[in-house]
Amino acid sequence: MSNIRVRFAPSPTGFFHIGSARTALFNWLYARHTGGTFVLRIEDTDKERNSEDFLNVIYDSLKWLGMNWDEGPGVGGDYGPYRQSERDAIYKEYIRKLFDAGRAYEKDGAVWFKLLGERYETFDDHRKKTVEKVKVAPTVIDDLIRGRVERVEDEDFVIVRSDGSPVFHLVNVIDDIAMKITHVIRGEDHLSNTSKHVELFKAFGAPVPHFAHIPLILKQNGPGKMSKRDQGALVEEYQRRGYIPEALVNFLSLLGWNPGDDREKMPVAEIIRLFDLPGVNQSNARFDDKKLAHMNMTYVLELPPDDFVARAKAYFARHGTFAAGMPDENYLREVLLLSQPKIKGIEDLPGYTEYFFTENFSLNEKAAAKIMGKGDPKTRLLELADALKTVDFSNDLVIEEAIKKLAADKGLGFGDYQSIARLAVSGTNVGPNLTGMFRVLGRDRVLARIERFLARQ
RNA sequence: GUCCCCAUCGUCUAGCCCGGUUAGGACACCACCCUUUCACGGUGAGAACCGGGGUUCGAAUCCCCGUGGGGACGCCA
């Protein structure tokens, strides 16, 4: 165990989004890479906007993504409590220290942090008012990702609201001191705040932690950073849609970081081994759901059968796919394993396998028009139905041989029977291997569907 | 408006630190191959160093200035 301590400090004011998840991930990866400690701290000082529901979404999402925390709500630790709403006594003590050191004063009912230096007044164009500024030397931030950054922090700022509640900048710093955080890894949107934080650390006489400001994730379309309202921004949405969490972690790790070579799909253990702060990019990255979907597909393809079946069933249960009752266990498994190599994600399953579970499946008109317009599909179907009557449906190969023999007898190919057979039996032109599909459906149903199809034409 | 950060294919990026590459990979797109549909897979094509100045024999790489993008300027976090 190293003495590196990092923290992820979300505020439960909305659903957990991709950008927050990536910040959490980089902290977690760094902790695991260095053998350090990953602390989860809840910044719930904004009483108006906080909610327990949002808090639970954060816990669930972190767990789902496999980011376990070493200290924090639920697991405890030596530096608790880990919810800011429960740390009032600690903040009061630190605020007193600031008063004692002459670095805090009251004004308009609020408490302000006092900068040291000569004061002067100037008009602020942006805020349209006269403000008091202080002549100070620039604050230097040594950022592990950006390098040396200088920023002038030249205005006193509020640290305790007039209602007595401490503001973010203050509690953030106090907690980082009290929790002995050594590395602050957070989004670049905080870079401008960092000068405030550094001044506070100094005023408390505490060591300034290392900072690492990671690039932001920009929305897929249009300007600006990704926000909770953007399409595809919510972690729980991917969970709901049956995404493989490892795939999302893998994808997120590649947004602003890379292993230094061409590898993309990597087990998390490998990402942990390779991850380091200096390797993080400095420029913002645009979110690309197609690339995420592709990454997810590669994970789905490699899932062990039992695992795939379990995830699919969980998805069906969550979405009420079989509201009328779950199908037979073994039958469902056969259908799923037939589909696994073909789909892009778990969410495709209900649509892809619909006709396995009902006789009332829809007919894809476009596909039908195309197939019925070529050759003599009805005759082919008649021939096929006749040939299949005596075939043993317990084996893909036997079915395949039968169709091939029929085709050979008629001087045709397998393909001449396939598309019309698939259309008649499944109502579509896409699907799993035809003979596998026949086997799973069973001879009676296949024949009945062909007959019904013929009757309709 | 002020301050801070950033800048390679449409997108994610390698290369930059320590100047010399046909500027590489992936997603997406297109074509072809494989094939029992659709996918997967394979092969190939198109596609980028933001602009201008320097420094240098030589600049994607180092410096400066523009421009563009992003962020911060709350008694939000």
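Quick note on labels: first sequence line is chain A, next is B, and so on, each numbered from 1.
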Whether [X] contacts [N] is assessed here as follows: a side-chain N or O lying under 4.0 Å from the phosphate OP1 or OP2. Is that the case?
X	N	value
Q282(A)	C5(B)	no
K219(A)	G70(B)	no
N258(A)	A14(B)	yes

Rounded distance (Å) that lies between atom [atom2] of [N] and atom [atom1] of [X]:
X	N	atom1	atom2	answer
I159(A)	A77(B)	CD1	P	13 Å
L301(A)	A39(B)	CG	C1'	9 Å
L384(A)	U36(B)	CG	C1'	13 Å
K133(A)	G1(B)	NZ	P	16 Å
L338(A)	C38(B)	CG	P	17 Å
M295(A)	U13(B)	CE	P	13 Å
K196(A)	G74(B)	NZ	P	7 Å
D348(A)	C40(B)	CG	C1'	14 Å

Notebook entry, point to check: In chain order, what residues pass the salt bridge (charged side-chain N to carboxylate O under 4.0 Å, His left out) check against K342(A), with sequence neighbours excluded?
Noted result: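 Once residues adjacent in sequence are excluded, K342(A) has no partner under the salt bridge (charged side-chain N to carboxylate O under 4.0 Å, His left out) criterion.
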Between [N] and [M], how far is it from one [atom1] atom to the other, in whole Å?
N	M	atom1	answer
C32(B)	G70(B)	C1'	42 Å
A72(B)	U11(B)	P	22 Å
C12(B)	A28(B)	P	15 Å
G10(B)	C30(B)	C1'	14 Å
C17(B)	C9(B)	C1'	24 Å
G74(B)	C16(B)	C1'	39 Å
C50(B)	U8(B)	P	6 Å
G71(B)	A77(B)	C1'	15 Å

Notebook entry, point to check: Atom CD1 of I420(A) and atom CZ of F453(A): how far apart are they, to the nearest 0.5 Å?
Noted result: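 If we round to the nearest 0.5 Å, I420(A):CD1 and F453(A):CZ are 4.0 Å apart.
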Next item on the list: Of all the heavy-atom pairs spanning Y355(A) and V425(A), show the shortest one and how long it is.
Entry: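 Taking every non-hydrogen atom into account, CD1-O, 4.4 Å.
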Checklist line | Heavy-atom pair of closest approach, residues P73(A) and R83(A) | finding: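 Closest pair (atom of P73(A), atom of R83(A), distance): CG-CG, 4.4 Å.
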Would you mind pulling out the nucleotide paired to [N], Watson-Crick or G-U wobble, both distances under 3.5 Å?
N	answer
A26(B)	U11(B)
G41(B)	C33(B)
A72(B)	U2(B)

Note to self: Assuming nearest nucleotide by heavy-atom distance, tell me which of D261(A) and K290(A) is located more 5' along RNA chain B.
What the structure shows: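 On the 5' side of the pair lies D261(A).
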Check: Between I145(A) and F414(A), who's closer to the 5' end of RNA chain B by nearest nucleotide?
Finding: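 Result of the comparison: I145(A).
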When you compare the protein's N or O atoms with those of nucleotides 9-12 of chain B, which come within less than 3.5 Å of each other, and at what distance?
| unit_1 | atom_1 | unit_2 | atom_2 | d |
| --- | --- | --- | --- | --- |
| C12(B) | OP1 | R286(A) | N | 2.9 |
| C12(B) | O2' | L254(A) | O | 3.3 |
| C12(B) | O2 | K291(A) | NZ | 3.4 |

Side chain of [X] only, heavy atoms from C-beta on: which candidate in [options] is closest?
X	options	result
E188(A)	A77(B), U36(B), G70(B)	G70(B)
K225(A)	C75(B), A77(B), G70(B)	G70(B)
D189(A)	C5(B), A77(B), G71(B)	G71(B)
N193(A)	A72(B), U37(B), G70(B)	A72(B)
L191(A)	C5(B), G71(B), U36(B)	C5(B)
S283(A)	C4(B), U37(B), A7(B)	A7(B)
V430(A)	G71(B), C5(B), U37(B)	U37(B)
D262(A)	G25(B), U37(B), C5(B)	G25(B)

[X] and [Y]: side chain donor to acceptor below 3.5 Å:
X	Y	value
R273(A)	H33(A)	no
D175(A)	Q84(A)	yes
Y299(A)	N250(A)	yes

Item checked: NZ/K405(A): more than 12 non-hydrogen atoms of other groups inside 6.0 Å ->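 Counting neighbours around NZ of K405(A), 12 or fewer heavy atoms of other residues, nucleotides or ligands fall under 6.0 Å, so no.
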Item checked: Side-chain donor/acceptor of S162(A) to base of C75(B), under 3.5 Å ->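 By the distance-only test, yes, there is a pair.
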Next item on the list: May I ask you to verify whether the side chain of K342(A) and the base of U37(B) hold a donor-acceptor pair under 3.5 Å?
Entry: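 Answer yes: a donor N or O sits under 3.5 Å from an acceptor.
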Determine the contact category for [X]: base if any of its heavy atoms lies under 4.0 Å from a base atom, sugar-phosphate if only primed atoms, P, OP1 or OP2 are that close, otherwise nothing.
X	result
N172(A)	nothing
E150(A)	sugar-phosphate
G224(A)	sugar-phosphate
H190(A)	base

Item checked: Side-chain heavy-atom pair L254(A), K291(A) within 4.5 angstrom cut-off ->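 L254(A) does not reach K291(A) side chain to side chain.
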Item checked: Residue pair N172(A) / H190(A), side-chain heavy-atom distance below 4.5 Å ->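 No - every pair of side-chain heavy atoms lies 4.5 Å or more apart.
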Item checked: Sub-6.0 Å ring centroid separation between F8(A) and W28(A) ->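 Between F8(A) and W28(A), the centre distance exceeds or equals 6.0 Å.
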